[in-house]
Protein chains: 2
Amino acid sequence: MAQTTPYRTYLDEDQIPTAWYNLRADMPTKPEPMRLPDGTVAQFEHIAPVFADELVRQELDDQTAFFEIPAGVREMYKVYRPSPLCRAYNLERALGTPARIYYKFEGNNTSGSHKLNSALAQAYYAHEQGLTTITTETGAGQWGTALSEAAAHYGLDCDVFMVRASYEQKPFRRSVMQTFGANVTPSPSQETEIGRKMYANEANRSGSLGTAISEAVERALHVPENRGRYQLGSVLNQVVLHQSVIGLESYTALERLGEYPDVVVGCAGGGSNLGGLIAPFMRDKLDGTHPDTRFIAVEPKSCPSLTRGRFAYDFADTGQTCPLVKMYTLGNGFIPSPDHAGGLRYHGMSPIISQLRHDGHLDAVAVAQTEVFAAAERFAKLETILPAPESSHAIKVAIDEALKAKESGEEKVILFGLTGTGYFDMTAYESFNNKTMVDHVPSDEELEAGFSTIPAIPGVQAAGGLPLE
Amino acid sequence: MAQTTPYRTYLDEDQIPTAWYNLRADMPTKPEPMRLPDGTVAQFEHIAPVFADELVRQELDDQTAFFEIPAGVREMYKVYRPSPLCRAYNLERALGTPARIYYKFEGNNTSGSHKLNSALAQAYYAHEQGLTTITTETGAGQWGTALSEAAAHYGLDCDVFMVRASYEQKPFRRSVMQTFGANVTPSPSQETEIGRKMYANEANRSGSLGTAISEAVERALHVPENRGRYQLGSVLNQVVLHQSVIGLESYTALERLGEYPDVVVGCAGGGSNLGGLIAPFMRDKLDGTHPDTRFIAVEPKSCPSLTRGRFAYDFADTGQTCPLVKMYTLGNGFIPSPDHAGGLRYHGMSPIISQLRHDGHLDAVAVAQTEVFAAAERFAKLETILPAPESSHAIKVAIDEALKAKESGEEKVILFGLTGTGYFDMTAYESFNNKTMVDHVPSDEELEAGFSTIPAIPGVQAAGGLPLE
């Protein structure tokens, strides 16, 4: 089998999924519902002012297993999908491992990552609803680039609030978005009420995803004639749904090769790539078809929501303007150290991933950024792809798993998600090469300060995300 | 036929060519041989100190039609090839053209361009010969990145002389090369004799490809134990040979789709991408199978070797240390305006392309950079790929051809080469968007100054590239 596996497996165009898979439909314990600050379960009408209608329906639906991908989205998927399933022969040889390592590479489109899969869906629904404007936040810039690209395609205005630190460090990311016609504003800005409030406090001025989200939501709500909506690139159920194309294509490609993964590894920031990659394999685990598959979420030690966070209701944004979701969270006020260069900076985690983790279906490990960049450089030299720092978290742990297989002599199959490329992250690579990169691990006190920003919810939880007594 | 063509056609791994195609073998008039400054035709022993032995054999051989691709190169081709043949449906719809537009996309590898096809071959042969070090020059950085990547793979030291202007404007390009372990030096440098001479004249200090080539050659010749060689990313016959994989894959993919191009368009700097893309289609034209196919080389108005240059023997480098080749040239002393941001800055052109042009088998057009960037942005929005400025020259003319087809109602098939991505060219995109980009067209006086650097060769040509009377 192994010898006949090509380096790259491309499905045919007609094998691109025609429906997204909603893992929640098959979860024995569903993720808990979104709530408003007063504890009420959020309904369609509460969320529809913020998100496009069809996206709200997808967000709230934990029963329907498959959502048809609209023709208008599918047509664009054909422009850059199917993405290749790659066999990491060079890496295997270098490691001397009996493991067979596969990675699903989502970086071969101009957004440079998997983010385009959901951006196209979200922009499409906004356009279908007759909206004029979509708004969003971006940190490293992958999501902002993807949404700018999608907005350009469907003819929408796109306002991107970019975390100020990134805005200044990554001028070229900004230029790409502007090339696609987006309006890019550093966050916190002077253009929104919440932005001005954040900007006034110098400690907040370098910005955070949480703050940028608040600004983007405020902006969306102020578009004339109610024709603006906010769009988020991760965390939400709808985004995990769209990203299921990653897992579905991987599943079909592995099937064609006669393979099934023993271990599935993905990096986890908000959880969308991981949730999408694992979806069909997790279904097989949950229904007993493949009960022994291991799933590993990899997060940075400097932003360790799954490994050191609390499983609690928390705001999706620092401005506390969004509804609350039940997730592993470091607290909406948590801001990772500016030393952290590897992305995956969000304070919380997808409710789907969080629930799976809580129920023991998924493991989580945290890794230091210097070991991540070391893995990234090794991978780049062997596999000719310069990976995004985010993706490299998964590479690091896939290598660890392959080395364990070498020790035990196991012929296991490892699948990991290579979410994107690192062309816009050369400053981080430079700091690694110059040995100026440092690893930051938050102290217990820092974490406590973050937890203190998790709100109390009447009848649901105490302040700090603690259970009600 | 058209409706069933997928957006992306990927050949299978076993359809990657097993041999490179040497178009010279089938040219009725062969390109003229390399010569030494005294007019002698260069032999193996003259060139072997500079290039790896097997590459010299390929360089000099205009009889053998196919060279087997060694297994060690083929194995690496499998990591990123076959590259997709893309149908530009979105572009066609936007133009309202009856033409069917295809592009062969070579940007899906970390070097970001087709350059890797030859870099791997050149590094492989150097390694097989037991060399320790390869040296090269790079301008925009695509070639330097590709060779760094190839050197890392085969375990060679790689010294890159990077045109100083690019070195300073594109720090991230430099970082990518360093990430792959290359030693990158701005050129002109203080590290070579020729570099110091160039650096002394302030007018030359921003550097040129010609100067960087001279430095790289000098460096190669000084590697201990004769274990260094110089490698060039374009112009040479060997490079066009390696790049034939582009054309061969395109040919097979179009065959699978039941298509044959009426027009083949490629950008032309040194001519390697163009020469590789057209090779099998030109064979069909030359042998009468498809006599009516049109071939169009697209070059920048600011560096117009094919449209305004002289067909003459000239040095490949400004330092006049390399042998001479017969080509369309602006003179080895010609340096394009610093206003020019679109790549394709070499003073000469591949002898193969030059001969085809001279014999009327190939057309050439020159385009202004502002129209190139306008085409690039349009393409990016429609096709989701942010193209390299170089590649965008071909886009511009492919669009022109499609619009002509619209006028005439012709259902013609257009194939163009999309050589790479523009992620490291955002400064140029910014200047276009800010409307600070200017178009520079050299005056006749500027061209005459360049021509005056073309040497006299005893018994072959007069100074200035003029024919002997």
Side-chain angles (χ1 to χ4, degrees), chain A residues 5-14 75-82 84 86-90 105 107-112 116 120 145 149-150 152-153 171-176 178-181 373 376-377 380-387 421-427 429-430 432-433, chain B residues 5-14 75-82 84 86-90 105 107-112 116 120 145 149-150 152-153 171-176 178-181 373 376-377 380-387 421-427 429-430 432-433:
Chain A
T5 302
Y7 278 80
R8 296 277 188 269
T9 299
Y10 286 99
L11 300 176
D12 297 326
E13 189 176 85
D14 59 12
E75 213 53 27
M76 280 303 286
Y77 278 1
K78 291 177 189 169
V79 178
Y80 70 98
R81 307 199 67 83
C86 311
R87 175 78 184 268
Y89 281 117
N90 287 353
F105 180 41
N108 275 351
N109 67 75
T110 282
S111 83
L116 192 57
L120 286 167
T145 307
E149 204 172 332
H153 182 71
F172 294 154
R173 265 289 187 204
R174 186 173 82 203
S175 306
V176 178
Q178 287 164 339
T179 295
F180 283 110
F373 277 85
E377 290 209 358
K381 287 179 189 165
L382 290 164
E383 295 287 321
T384 82
I385 295 170
L386 187 81
T421 50
Y423 302 118
F424 292 99
D425 301 290
M426 293 320 299
T427 309
Y429 272 96
E430 267 183 10
F432 174 72
N433 286 323
Chain B
T5 303
Y7 278 81
R8 296 277 187 266
T9 299
Y10 286 99
L11 299 176
D12 298 325
E13 189 177 83
D14 58 13
E75 213 53 26
M76 279 304 285
Y77 277 1
K78 292 179 189 168
V79 179
Y80 69 98
R81 304 199 68 82
C86 310
R87 175 78 184 269
Y89 280 117
N90 288 353
F105 180 41
N108 275 351
N109 68 75
T110 282
S111 82
L116 192 57
L120 286 168
T145 307
E149 205 172 332
H153 182 71
F172 295 154
R173 263 292 185 202
R174 185 174 82 205
S175 307
V176 177
Q178 287 164 339
T179 295
F180 283 110
F373 277 85
E377 291 210 357
K381 287 179 188 167
L382 289 165
E383 295 288 321
T384 83
I385 295 170
L386 188 81
T421 50
Y423 302 118
F424 292 99
D425 302 289
M426 294 319 299
T427 308
Y429 272 95
E430 266 182 10
F432 174 71
N433 285 323

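Just so you know, these numbers use all the heavy atoms, side chains as well, and skip hydrogens, waters and symmetry mates. Below, chains carry the letters A, B, ... as their sequence lines are ordered, and counting in each starts from 1.
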J.: Would you call the rings of A:Phe424 and B:Tyr423 parallel, tilted or perpendicular if under 30° counts as parallel and over 60° as perpendicular?
T.: perpendicular
J.: So which residue, A:Pro82, A:Cys86, A:Ala380, A:Gly422, ends up with the most heavy-atom pairs under 4.5 Å with chain B?
T.: A:Ala380
J.: Fit a plane to each ring of B:Tyr10 and A:Tyr10, take the angle between them on a 0 to 90° scale, and name the class: parallel (under 30°), tilted (30 to 60°) or perpendicular (over 60°).
T.: parallel
J.: Chain A heavy atoms under 4.5 Å from B:Tyr429: which part of the residue, side chain, backbone, both or neither?
T.: side chain
J.: Heavy-atom cut-off 4.5 Å, strictly under: side chain, backbone, both or neither for B:Asn90 against chain A?
T.: side chain
J.: Counting distance only, does the side-chain N/O of B:Arg8 pair as donor-acceptor with the main-chain N or O of A:Val79 below 3.5 Å?
T.: yes
J.: Rounded to the nearest 0.5 Å, what separates atom CZ in A:Phe373 from atom OG1 in B:Thr179?
T.: 9.5 Å
J.: Taking every heavy-atom pair that is under 4.5 Å apart, which of B:Arg81, B:Glu430, B:Glu75 has the most such pairs with chain A?
T.: B:Glu75
J.: Taking side chain as everything from C-beta outward and backbone as N, CA, C, O, which of these in B:Ser111 sits under 4.5 Å from a heavy atom of chain A? Side chain, backbone, both or neither.
T.: neither
J.: Would you confirm whether A:Glu13, through its side chain, and B:Tyr7, through its main-chain N or O, come within 3.5 Å as a donor-acceptor pair?
T.: yes
J.: Looking at every heavy atom in both B:Lys381 and A:Ala152, which two are closest together, and how far apart are they?
T.: CG-CB, 4.1 Å
J.: Please determine, among B:Glu377, B:Lys78, B:Gln178, the option with the most heavy-atom pairs under 4.5 Å with chain A.
T.: B:Lys78
J.: When you measure from the side chain of B:Thr110 to the backbone of A:Leu386, do you find a donor-acceptor pair of N or O atoms at a distance under 3.5 Å?
T.: yes
J.: If you measure from OG1 on A:Thr384 to CG on B:Asn108, what distance do you get to the nearest 0.5 Å?
T.: 10.5 Å
J.: Under 4.5 Å between any side-chain heavy atoms of A:Ile385 and B:Tyr80, yes or no?
T.: no
